[in-house]
Amino acid sequence: MESLMNFSSSQEDLPRTGTRRGGLPEKRRAIIQAARTVFGREGFTRTSVDAIAAEANVSKRTIYNHFTHKEHLFQTVILEGATQVAQAQAAIADRHLHKIVDIERDLIDFSLERVASLERFASHWALVRVIEAEATHIRPAVLEAWMEAGPRETLRILTWWMGDLTSRGLLRIDDTAVAANLFNLVTFISVAQPTFYGAIPIDGPDELVRNGVRAFLCLYLPYR
């Protein structure tokens, strides 16, 4: 029941993450929280439904009352986390970029708060490590759904803000999607990847962010 090897790879056969087959909402929430903990600690392939049931203090049967199989539960957990983090990224952007006083300072502050999300959403980033390590054992349809809800949504948010900052004359950008991807790479990813998404510390993360913003602005500040 837990094996992925015989599942179809089509998007249509993905279970809807909101599906409930019985039981109380608080039980479902306890299962999701336990699954996030166990998947993040043990990985996808090594995690058993029995281990999740023990963590949630529920029976294995209770889990199957809510989720059709282990992959359904994993999908629910990673999509919930991706959506939550993307929404948090949108709020951070609005907080720092809605009103610009100093473009360099505001972009640095924005980027530093994004980096702080590695600690704020530590359980989510533990799952990101699992996804990257076990991508070949996760169906493409599940990976695609996660990419759409998380990484791509975050880039769409950044792309919108690049266009907004350009329309206000604060930046000079021809391709906002390219600029958004570059900005993400030189600010957030430059810290996230060396730390394995917050798993280990590195020296000078703030300096990495500042240097990234300054390099970005060398390309995209309007001519004075």
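Keep in mind that this is a model prediction, so the values were computed, not measured.
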Is the closest side-chain heavy-atom distance between [X] and [Y] below 4.5 Å?
X      : Y      : result
Phe110 : Ile100 : no
Phe67  : Ile32  : yes
Leu219 : Leu182 : yes

Atom pair [atom1]/[atom2] of [X] and [Y] - distance to nearest 0.5 Å:
X      : Y      : atom1 : atom2 : result
Thr187 : Ile108 : OG1   : CD1   : 10.5 Å
Asp203 : Leu208 : CG    : CG    : 9.5 Å
Met162 : Asp175 : CE    : CG    : 12.0 Å
Thr159 : Asn181 : OG1   : CG    : 8.0 Å
Thr154 : Met147 : OG1   : CE    : 10.5 Å
Leu97  : Leu107 : CG    : CG    : 6.0 Å

At their closest point, which heavy atom of [X] faces which heavy atom of [Y], and how far apart are they?
X      : Y      : result
Ile31  : Ile52  : O-CG2, 4.1 Å
Arg214 : Glu104 : NE-OE2, 3.0 Å
His69  : Tyr64  : CA-CE2, 4.0 Å
Gly169 : Pro222 : O-CG, 3.3 Å
Ile157 : Ala90  : CD1-CB, 3.7 Å
Thr195 : Val191 : OG1-O, 3.0 Å

(request) List the steps and the verdict of salt bridge (charged side-chain N to carboxylate O under 4.0 Å, His left out) for Arg210 and Glu207. (result) CA-CA 5 Å; Arg210 281 190 286 268; Glu207 192 62 25; 3.3 Å; yes
(request) Could you tell me whether Glu153 and Arg156 have a side-chain N and a carboxylate O separated by less than 4.0 Å? (result) yes
(request) Answer yes when Glu113 and Arg120 have at least one side-chain N-carboxylate O distance shorter than 4.0 Å, and no when they do not. (result) no
(message) Can you pull out every ring-ring contact (aromatic ring centres under 6.0 Å, His included) where at least one residue sits in residues 186-216? Sequence neighbours excluded, please.
(response) Trp125-Phe188, Trp125-Tyr197, Phe183-Phe216, Phe216-Tyr220
(message) Please list all pairs meeting ring-ring contact (aromatic ring centres under 6.0 Å, His included) that have one or both residues in residues 74-96, counting only residues at least two apart or in different chains.
(response) Phe39-Phe74, Phe44-Phe74
Counting only N and O atoms by type, is there a donor-acceptor contact under 3.5 Å from the side chain of [X] to the main-chain atoms of [Y]?
X      : Y      : result
Lys27  : His66  : no
Thr83  : Glu80  : no
Glu134 : Thr45  : yes
Asp106 : Val101 : yes

Does [X], at its [atom1] atom, have more than 12 non-hydrogen atoms belonging to other residues, nucleotides or ligands within less than 6.0 Å?
X      : atom1 : result
Arg46  : CZ    : no
Asp94  : CG    : yes
Glu119 : CD    : no

(request) Could you tell me whether the side chains of Glu55 and Thr37 share a donor-acceptor contact shorter than 3.5 Å? (result) no
(request) I would like to know whether Val128 and Phe121 meet side-chain contact (heavy atoms from CB on, under 4.5 Å); could you show each step before the answer? (result) CA-CA 11 Å; Val128 173; Phe121 298 103; over 6 Å; no
(request) Starting from the C-alpha separation in whole Å, work towards a yes-or-no answer on side-chain contact (heavy atoms from CB on, under 4.5 Å) for Val142 and Ile78. (result) CA-CA 9 Å; Val142 175; Ile78 63 173; 3.9 Å; yes
